[in-house]
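Here's the structure we're looking at; comments come further down.
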Amino acid sequence: MAIDIIIKYFPDLTERQQEQFEQLESVYTEWNEKINVISRKDMDALYEKHVLHSLGIAKIMPFAAGTKVLDIGTGGGFPGIPLAILFPEVEFLLVDSIGKKITVVNAVIEALGLKNVRTVHGRAEKIKEKFHFIVSRAVTQMPEFLRWTKGKFEKEQMNAKHNGVLYLKGGDLAEELAGIKCEIFELKKVFDEPFFETKKVVYLSKGHIV
């Protein structure tokens, strides 16, 4: 099964979660033919390059129930949708400035019956709510991204790590992260597949976002 790669790293999924992960392929295949949110070549590796990659955040930060998470520049729903399946007791808000992408995300949410996800078509800077964590997958350079997160963090702590940013990035980050106090987690240490060789999760505590 296509979702075997997910079960390999997350063996405690409920039957319902397995069903939802399995549904992703057919829903994205159907919608991708109407609105291209995932490159054609990547559709063949949907579970590795998009779903499992998104879940790399979960290996760094297993969110506690009641945590509020903002996904900025969600695109086709990554990393927000896979994380929402994995953490049904966590609240997610998925934001993107491109309306047709949010159309696809809404269709996926409806098809999977996800009750813990909301969406906004608009710019992240306009969001007035506060969150424990902000996640994203390489939407822009880190300094620019951090400007979008200003004033969006809750004061209360609910998780093992301080509230902050969890950002999926790849390649050499030395220049981009120069002067930024952060922790870098290499996904090759948790996932065996060659795709993850250069993939990382960058974590910044809200206290280090200036």
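As the structure is a prediction and not an experimental result, all values here were calculated from the model. The residues of the chain are indexed from 1 along the displayed sequence.
- Within the 4.5 Å cutoff, the side chain of Glu183 has no heavy atoms near those of the Val202 side chain.
- Applying the side chain to side chain contact (heavy atoms under 4.5 Å, CB included) criterion to Glu175, with sequence neighbours excluded, gives no partner residue.
- Under the 4.5 Å side-chain criterion, counting only non-hydrogen atoms from C-beta, Asn163 is in contact with Gln157.
- With sequence neighbours left out, the ring-ring contact (aromatic ring centres under 6.0 Å, His included) criterion links Phe87 to Phe63.
- Clustering ILVMFWY residues whenever any of their side-chain heavy atoms sit less than 4.5 angstrom apart, transitively, puts Met158 in a cluster other than the one holding Leu93.
- Of the inter-residue distances, the one linking Ile209 atom CD1 with Met142 atom CE reads 8.5 Å to the nearest 0.5 angstrom.
- Under a cut-off of 6.0 angstrom, the local environment of NZ in Lys100 is sparse, with at most 12 non-hydrogen atoms contributed by other residues, nucleotides or ligands.
- Counting only distance, with no hydrogens or angles, the side chain of Glu22 and the backbone of Ile3 share no donor-acceptor pair below 3.5 Å.
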Item to complete: Walk me through it: do Tyr28 and Phe78 pass the test ring pair (Phe, Tyr, Trp, His ring centres under 6.0 Å)?
Response: CA-CA 12 Å; Tyr28 276 112; Phe78 303 100; 5.2 Å; yes
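- Under the side-chain hydrogen bond (donor to acceptor under 3.5 Å, both in side chains) criterion, Asn106 pairs with Thr119, sequence neighbours left out.
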Please tabulate, one pair per line, all N/O donor-acceptor pairs under 3.5 Å involving side-chain atoms of residues 54-62, not counting sequence neighbours.
| residue | atom | partner | partner atom | Å |
| --- | --- | --- | --- | --- |
| Ser54 | OG | His50 | O | 2.6 |
| Lys59 | NZ | Tyr9 | O | 2.8 |

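- Taking Ser205 as the reference, His162, Tyr203, His208 meet the side chain to side chain contact (heavy atoms under 4.5 Å, CB included) condition, with sequence neighbours excluded.
- Distance alone, capped at 3.5 Å, places no donor-acceptor pair between the Thr140 side chain and the Phe145 backbone.
- In terms of the salt bridge (Lys or Arg N to Asp or Glu O under 4.0 Å) criterion, residue partners of Asp192 (sequence neighbours excluded) are, by chain and number, Lys8.
- In this structure, CG in Leu173 is found 9.0 Å from CD in Gln141, a value given to the nearest 0.5 Å.
- Among residues at least two apart or in separate chains, side-chain hydrogen bond (donor to acceptor under 3.5 Å, both in side chains) pairs with a member in residues 63-75 are Thr67-Asn159, Lys68-Glu154, Asp71-Thr74.
- Residues Val117 and Leu112 fail the side-chain proximity criterion, which asks for heavy atoms closer than 4.5 Å.
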Item to complete: Tell me, with the steps shown, if Lys200 and Glu186 meet salt bridge (Lys or Arg N to Asp or Glu O under 4.0 Å).
Response: CA-CA 5 Å; Lys200 303 169 180 74; Glu186 297 189 8; 5.7 Å; no
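- Heavy-atom minimum distance, Val105 versus Gly75: CG2-O, 3.4 Å.
- Listed by chain and residue number, Met1, Ile7 satisfy the side chain to side chain contact (heavy atoms under 4.5 Å, CB included) test with Asp4 (two or more places apart in sequence, or in another chain).
- Identified under the side-chain hydrogen bond (donor to acceptor under 3.5 Å, both in side chains) test for residues 122-135, with sequence neighbours left out: Arg118-Glu129, Arg123-Glu125, His132-Glu156.
- Heavy atoms from other residues, nucleotides or ligands lying under 6.0 Å from NZ of Lys161 number more than 12.
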Item to complete: Evaluate side chain to side chain contact (heavy atoms under 4.5 Å, CB included) for Leu83 paired with Val90, printing each intermediate quantity in order.
Response: CA-CA 9 Å; Leu83 290 171; Val90 172; over 6 Å; no
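- In this structure, the side chain of His121 does not engage the main chain of Val95 through any donor-acceptor pair within 3.5 Å.
- Gln17 places a side-chain N or O within donor-acceptor distance of the main-chain N or O of Ile85, the cut-off being under 3.5 Å.
- Sequence neighbours left out, not one pair with a member in residues 75-95 passes salt bridge (Lys or Arg N to Asp or Glu O under 4.0 Å).
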Discussion item. Could you walk me through whether Thr149 and Val165 satisfy the side chain to side chain contact (heavy atoms under 4.5 Å, CB included) test, starting with their C-alpha distance in whole Å, then the side-chain angles of each, then the deciding distance to 0.1 Å, before giving a yes or no?
Written reply: CA-CA 8 Å; Thr149 70; Val165 166; 4.1 Å; yes
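- The hydrophobic cluster containing Ile180 also contains Phe153, counting ILVMFWY residues as joined when their side-chain heavy atoms lie under 4.5 angstrom apart, directly or transitively.
- In this structure, CD on Gln23 lies 9.0 Å from CG on Leu114, to the nearest 0.5 angstrom.
- In this structure, CD1 on Ile81 lies 13.0 Å from CG on Leu86, to the nearest 0.5 angstrom.
- If you chain together hydrophobic residues whose side chains sit under 4.5 Å apart, Tyr47 and Leu187 fall into the same group.
- Contact of the Leu52 side chain with the Phe10 side chain is registered, since non-hydrogen atoms from C-beta on lie closer than 4.5 Å.
- With sequence neighbours left out, Lys199 forms a salt bridge (Lys or Arg N to Asp or Glu O under 4.0 Å) with no residue at all.
- Leu168 places a side-chain heavy atom less than 4.5 Å from the side chain of His53.
- Not less than 6.0 angstrom separates the ring centroid of Phe133 from the ring centroid of Phe92.
- The distance from atom CD1 of Ile134 to atom OH of Tyr167, rounded to the nearest 0.5 Å, is 11.5 Å.
- Side-chain atoms of Ile184 and Cys182, non-hydrogen and from C-beta on, do get closer than 4.5 Å to each other.
- Under the side-chain hydrogen bond (donor to acceptor under 3.5 Å, both in side chains) criterion, Lys169 pairs with Glu176, sequence neighbours left out.
- The side-chain heavy atoms of Val120 and Ile102, taken from C-beta on, include no pair separated by under 4.5 Å.
- Val190 is not listed as a side-chain neighbour of Phe196, based on a closest heavy-atom distance of 4.5 Å or more.
- Summarising the geometry of Glu25 relative to Thr29, their closest heavy-atom pair is O-OG1, 2.6 Å, with the distance given to 0.1 Å.
- With values rounded to the nearest 0.5 angstrom, Leu13 atom CG is found 11.5 Å from Glu19 atom CD.
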